[in-house]
Structures are given as structure tokens and as C-alpha cells.
Amino acid sequence: MSAFLFALGNCGDAPEVAAAVRAVRAGGAAAALAWHGDAARLRDAVAAGLPTPDHERSPSASASPPQFAADAAAFAATLLATPWRAVVTIGHDAFAQAIGAAAASAGLAVVRIGAGVRSHVAGCRRDAARRRADHAATLWLCDGEAQRQELVREGADPAQAVVTGNLLADAASTVAASDEAVIAWEHAESFSSPDAARQRLERLAAALAPRRVTVLATPWLARTLADARLPAGVALAPSNAAAALRAALGAAVLVTDSVGFQRHAQARGIRCVVDACHGPLADAVATGCVHVASDATGGLVAAVRRALAAPAPVAAPQGAASRFAAQLTAVTIPMAPTATPVVALPSDGDASGRTLGAEEALLAADAIRRGTLNSTRGRYVGLFEQRFAQWLGRKHAIACASGSAAMHCAIAALRLQPGDEVVTTPITDMGALTPILYEGGVPVFADVDPDTLNITPATVAAQLTPRTRAIVVTHLFGRPADVDGLAALARERGLPLIEDAAQAFGARWRGRRCGTFGALAAFSLQQGKHITTGEGGIVATDDDELARRVFLYVNKAWGYGDKKPDHYFPALNYRMTELQGAVAVAQLPKLDDVVAARRAVCARLAAELADVPGLALPGDPSDGAHSWWKFAFRVDADVVPGGALALGQRMQQAGVACVPRYVQKPAFECELFTDWSKSPVTWLPLQHNPRRTGPMPPFVRADYPGAVRGLEQVIVLPINEHYRERHVQHVAATIRAAVGAMQHA
Ligand SMILES: *Cc1c(COP(=O)(O)O)cnc(C)c1O
């Protein structure tokens with residue numbers, strides 16, 4: 001059963017709370033309440049026929065806002081041990097915010113009711129608090145489409161912002177009205193002093209006599225009016241939530257700037273007047289049943305008279321409760337907590353930038369429950385292999401311990417001889433290069449296109465020799481390389497092509513997925529890749545013989561399932577565990593959405609940066625689809641003094657993580673290549689290859705102008721599927737400001 005905890009502010013909207021609790025209960029779920037402030041108001045609402053909560057707690061009955069944060073942190077720890085699956089916040093004060101943040105840090109979904117309301121005088125403190133509360137949520141239930149759009153404009157995930165209607169208005173229809181009050185007043189803004197309040201009420205009461213005026217006293221208003229003698233015909237409503245609501249719902253006209261009361265009124269067909277004593281107050285008008293009074297008190301009296309003369313608006317019950325219940329009962333999964341509004345960028349190093357959730361937890365728990373944690377007897381690794389092959393469109397997929405292991409298996413399947421050459425790129429992960437040496441091969445580096453940092457058929461062709469045994473292509477950053485051209489070249493020379501698609505899950509070239517062009521393709525499931533199992537890898541191929549060799553290479557070359565199994569050749573244990581396999585099975589169905597979300601983020605980012613001078617922005621190749629592992633852009637140092645390095649440093653100082661120059665230098669300048677005679681792994685292949693020219697490194701920078709220029713110019717910006725509009729805006733604004741400052745320095 002799903003369970004929900006309602007974190008409330010000052011319990012001002014007890015009927016709304018009650019409606020929410022009722023809706024949740026109707027959906028068969030459990031609910032509990034946590035609040036701070038005036039518990040009596042909640043209790044008397046309960047006494048007025050609202051449902052009794054299962055459980056009441058008031059962790060901070062008298063705490064001040066800074067204490068809430070500490071309190072909430074302790075509360076978050078206790079949440080982890082409870083059955084609560086989601087925390088629903090109502091209201092927007094410091095308490096609701098603190099509890100929301102605590103829940104998010106405990107990995108619970110945070111649902112915000114009545115989100116996106118931007119009421120009251122624009123720019124006043126209340127709005128900022130609302131925004132903070134709204135942005136701390138993972139699911140937004142909005143009263144109306146305008147509010148939803150407002151949230152989405154501010155960066156809320158459109159899929160997670162839902163219009164459910166208004167619970168307050170819903171609640172109004174369940175509360176019995178009184179019939180004595182004629183005019184109810186809940187309009188704190190109108191009273192600048194006790195005298196002013198008295199004068200306004202006096203004039204209104206005189207003009208409307210013998211009708212009675214009832215004032216719904218908010219705490220502030222009650223204090224103000226306590227010092228003023230109330231004029232004849234004016235009464236103060238009892239200051240408890242249920243009585244105030246009953247008085248309001250019996251009114252003929254409601255003078256109010258409270259959005260909540262306007263909604264009650266809307267549900268009951270009661271006329272409203274908003275007193276625009278502080279100038280235009282369009283924001284305070286939440287519903288269609290409102291008359292706006294002009295500035296002077298005379299205007300207010302006239303507006304109230306007009307409202308009384310006008311036909312009563314048609315009651316508009318909302319039916320929000322059932323929509324709300326449907327939304328809420330669907331929230332059984334703790335979603336990844338989203339960042340706070342202080343533009344902390346989601347990171348793929350933790351939950352903020354990863355699409356990990358209850359599905360992964362469930363399957364990993366199942367693997368543990370089964371007790372088989374290795375793949376030779378388990379079910380999840382096999383299932384992942386089967387489904388990955390299906391997703392990619394290849395006959396075989398063999399999972400292993402890492403992307404490096406995947407590359408090693410793919411290379412090993414080629415059965416290189418010492419000194420055989422494998423043409424590859426100098427800009428890649430070392431996990432793609434070291435395996436060549438381990439298998440006795442010599443990595444031979446082809447230059448890259450400085451614009452894409454990918455190798456091309458021409459740069460590869462320039463490096464082919466009679467000793468070449470294979471070509472490895474990395475689709476760097478997720479941008480597909482010209483795999484058609486490379487596959488054609490490989491075919492022409494009778495060479496196998498290996499695709500290193502570790503960064504290119506879901507990338508396409510002429511409609512076909514990257515990873516389906518080479519004889520073999522390797523993927524990585526390391527923490528920072530599109531989908532992850534922490535560490536992990538997988539190799540794909542259509543060739544039965546290659547698939548068998550990869551399988552054996554993962555399994556110490558032990559012929560599992562053979563009639564007379566043996567260890568056929570030297571190989572290590574490169575197996576993926578069932579724990580990883582379980583997570584991988586849960587990750588895979590999310591992959592296409594992850595890629596689509598990243599595409600959208602990068603399209604927005606490119607659009608935002610389009611007019612920043614000196615930047616070359618990444619995009620799809622003319623006939624393919626980038627899968628946006630990273631957003632790698634280039635900086636022209638002639639236009640932006642200091643270039644990529646200086647811009648990257650400024651971005652980092654401004655809190656936007658990035659890697660100027662990616663791997664910093666072409667791979668052949670790393671010690672394992674320059675000091676090759678140091679280790680048998682690097683020594684052996686070169687001993688059997690004429691490229692060895694004494695102690696000199698076999699490759700030199702001067703021959704790689706594309707790689708040198710590309711690395712000099714590139715800044716790698718990590719993005720992920722959890723970037724929202726506000727993150728895009730923040731990153732773009734940071735880059736724009738830094739470039740501007742550098743140009744004028
Ligand atoms: C990540 C990566 C690898 C290595 O994968 P690991 O899982 O980290 O061993 C290989 N090649 C490329 C292009 C990569 O990005």
C-alpha cells in the first residue's frame with residue numbers, strides 16, 4: 001500500500017488538507033500529518049467533520065525557521081525507516097520547505113499541492129517562498145493550466161507538472177454553510193492601521209445596512225481590529241478554521257484577496273470583490289467570480305453593491321479530489337530528487353543526475369533474495385544480455401565487468417599476434433587502448449577531424465599498413481563517426497571494425513543504431529554513462545564464432561556447457577555480477593527516454609548559446625543522431641581571449657563543472673606510450689613491430705594537427721537527462737557572462 005505524509009505549514013488551509021487526506025484514503029492508501037504552528041486550528045477542522053488523521057505529529061510546534069532545517073534533517077532520517085513513500089507539501093512556509101527538502105534527501109518523492117500559484121502582490125516575499133517550495137518538489141499538482149505553464153517556464157519537468165484542479169474548492173462543497181453572514185471580509189491588505197480599518201468597515205456597514213458584515217480574522221487582522229472599536233453591524237468571525245470557513249460560505253459577497261477563499265467561493269457560486277487599494281491587483285484575482293473595486297472606499301462600496309446586484313455565479317465544483325488521488329496513488333516510486341532552486345546542477349555522480357529508482361532497487365533486492373549473485377547460475381545478467389541484443393538489433397550480447405573489459409574481449413576475439421596493428425583514435429578513454437597492448441597489438445593512431453574529434457575514413461586510410469589487423473572507432477561524446485565510410489574501408493581491406501560505443505548508446509547513423517556497424521561493438525555501464533550499473537560493460541556482435549570467443553574471454557576461457565569443457569586459452573574472470581545485471585535490466589527500458597531527454601536538453605543549450613561569439617556548438621551529423629553523452633563545444637581563442645582553458649576555468653569558478661581539453665593530450669603522449677620499454681605489456685608488441693625506433697616514442701604530436709587543435713579548443717560540458725530549463729539557463733548565462741568578461745578583459 002502506498003503511504004503519504006502531509007507536511008503542512010501553519011495549518012491555515014485545514015479543509016484543503018482534509019480533502020487531500022480523504023482523496024488519499026479513497027485511493028486505499030495511508031496518510032499521516034506533520035505540521036507546525038497552530039495545531040488547534042487543525043483539530044477544530046477535524047472536529048468539524050474532516051477525517052481524523054492516522055497519526056499526528058508536530059515536530060516543530062514552536063520552532064523558528066532556522067530550526068526547521070535541523071529538525072527536518074532529523075526527520076528525514078526517521079522517514080527512511082518508515083513506510084512513507086512520498087511527502088506531500090501543502091503551504092509554502094519554511095516548515096513545508098524544510099520537510100520537502102528532507103524528504104528529497106531521503107530519496108522520497110516530494111509532491112506539491114497547489115503548485116505554481118503566484119498570487120498576491122508581485123515580488124512580495126510570499127512569492128519567493130512559494131517558488132522555493134515549488135522547486136523543491138518532484139511532482140507538481142496544479143490548480144490550473146496557467147499555473148502549470150508558469151512552473152514549466154521556470155524549469156519544472158512538463159511530464160511531472162499535472163493539472164488536478166483545486167482541492168480547496170473541492171473541500172468547500174463538503175462544508176455546511178451558515179446563513180447569517182452577509183459579507184465576509186478577509187482582506188488584510190486593506191487595513192494600514194486600526195483607524196483606517198475601522199473607517200473602511202464603518203463606511204461599508206453604513207452603506208449596506210441592515211446587512212451585516214462579518215470579518216474573517218486572520219491573526220494579523222484580528223490583532224489590528226482588537227485595537228479598534230468595531231462599528232455597529234460589523235462582527236468578528238470566531239478565529240478557528242472551520243467556523244471561518246462556514247461564515248465565508250454563507251456570505252452573499254466575499255471581500256477577499258485570498259486566493260483560497262476565492263476558490264471556496266467559486267465552488268459555492270459566491271460573488272467576490274477584490275479591493276485594489278494598492279493599485280492593480282490582477283494577480284490576486286484567481287477565479288472568474290470576482291469584481292475588482294477601484295482605489296477609494298467609495299469604489300469598494302460601489303463594487304460590493306454591483307456584486308450584490310449581479311446574478312450569483314454558477315457554482316463550479318472542481319472534482320479535483322479524484323484527479324488528485326489518481327496522481328498521488330501513482331506515486332509509489334521515490335523519484336530522483338531534483339535540485340534545489342539555487343541552481344545546483346544535477347550530476348551523474350549521484351542520484352541527482354541518474355535515472356535510478358524503485359525498479360533498480362526492486363530487482364537488486366530480488367537478486368539478493370534469490371541468493372545467487374553470480375551470473376553463471378543467475379538470471380539477470382542473461383536477461384540483460386538478451387534484452388540488450390534485442391534493443392540494439394544484434395544477434396548476441398555478452399555482458400562483462402566494465403567498458404574496458406568489453407573492449408578487451410572484443411580485441412581478444414580477433415586473436416592478434418604480437419606486433420599486429422590496430423588503428424584507433426588518440427582521443428578516447430584509456431580503457432579502449434590498453435587492451436590492444438595486452439593482446440600483443442600495437443595501437444596505431446589515426447588523426448581526428450578537429451571539428452568532431454572523431455577519426456575519419458581518410459585519417460584511418462593514411463595509417464593502414466600490411467600489419468594492420470583491425471580498426472577501432474570511438475563515437476566520441478555520443479556523436480556518431482562516419483561508420484559507413486569506415487565500414488566500407490574495413491571491408492575493402494578485409495579488416496574487422498570494432499565500434500567503441502561506450503559513449504554512444506542510442507546514437508544513430510543513417511537511421512541505424514551505432515554499435516550495429518562493426519563486427520563487434522563495446523559499451524560501458526560505468527557510473528557516468530547513459531545507463532549505469534556502477535561498473536559494467538557489454539559486447540555485441542552478429543557473428544556466432546566471435547560471440548563464443550567473447551563469452552569464453554569473460555569466463556576464464558572455460559567452456560561452460562561444452563561436452564568436455566576445458567580452459568582453452570588464457571583469459572580472466574570478466575563477469576558481471578547478478579547485482580549489476582539486475583540493475584542493468586531495470587536501466588535498459590529507460591535508455592531511449594534518457595537519450596531523448598538529453599537531446600532536448602542539448603537542443604535548448606545550443607539554442608541559448610547560438611549567439612555567443614567564438615563558440616562552435618555541437619549538433620547532429622547531417623545524416624545521423626547524436627546521443628549526447630556530453631555537450632562538447634569548441635572555443636575560438638581568436639574571438640575569446642584565453643580560449644577553452646580560460647573559459648573552462650571561469651565556468652568552474654562559477655560552479656559549472658566542465659573539462660576544458662577533455663583528455664588534455666593525445667593518448668600517445670601518456671607515459672605508457674612514451675616510456676614504452678618500461679613494461680612487458682608495452683614492450684612486447686613493439687618488439688615485434690618496426691615502428692619501434694630505439695627509445696623514441698613511435699608517434700609524435702606534429703603528425704596529429706587535428707587532434708592537437710581539437711583538444712586545444714574543446715570544452716566538455718557534462719549534461720544529463722535531469723537538466724531542466726533553469727539548469728540550461730544557468731549554464732548558458734554563465735558561459736555568456738564569462739565570454740563577455742573575457743572579451744572585455
Ligand atoms: C568509458 C569508456 C570506456 C571504458 O569503460 P569503463 O567502463 O570505464 O572501463 C571505453 N571507451 C570509451 C570511449 C569510454 O567512454
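Both backbone and side-chain heavy atoms feed into the values below; hydrogens, waters and symmetry mates do not. When a residue number appears, it is its place in the shown sequence, counting from 1. Remember, it's 1-based here, ligands and their atoms both numbered in the order they're listed. Keep in mind the model is a prediction, meaning the values are calculated, not measured.
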Full working for ring-ring contact (aromatic ring centres under 6.0 Å, His included) between F673 and F445: CA-CA 11 Å; F673 292 109; F445 298 99; 5.4 Å; yes
Q503 heavy atom under 4.0 Å from ligand 1: yes
CA sep, side-chain torsions, deciding dist, call: E721, H530, side chain to side chain donor-acceptor pair (under 3.5 Å): CA-CA 9 Å; E721 60 273 19; H530 285 81; over 6 Å; no
Geometric N/O contact D429 with ligand 1, under 3.5 angstrom: no
Nearest-contact summary for atom 2 (C) of ligand 1 - protein heavy atom, Å: K529 NZ, 2.7 Å
Side-chain heavy atoms of F523 within contact of L392, under 4.5 Å: yes
Atom 9 (O) of ligand 1: the protein heavy-atom neighbour that sits closest, reported with distance to 0.1 Å: S404 OG, 2.6 Å
Contacting atoms of ligand 1, where contact means under 4.0 angstrom from a heavy atom of G403: 4 (C), 5 (O), 6 (P), 7 (O), 9 (O)
Subset of ligand 1 atoms that lie under 4.0 Å from at least one heavy atom of T428: 13 (C)
Shortest protein contact, atom 13 (C) of ligand 1 (heavy atom only): D500 OD2, 3.2 Å
Residue of the set R469, R493, R691 for which salt bridge (Lys or Arg N to Asp or Glu O under 4.0 Å) holds with E421: R691
Mode of S402 contact toward ligand 1 - side chain, backbone, both, neither (heavy atoms, under 4.0 Å): both
Q587 and E360: side chain donor to acceptor below 3.5 Å: yes
Proximal atoms of ligand 1 relative to T474 (non-hydrogen, under 4.0 Å): 13 (C)
Sub-4.0 Å atoms of ligand 1 with respect to non-hydrogen atoms of Q526: 7 (O), 8 (O)
Distance-only donor-acceptor check, side chains T541 and D543, under 3.5 Å: no
Residue pair Y568 / D562, side-chain heavy-atom distance below 4.5 Å: yes
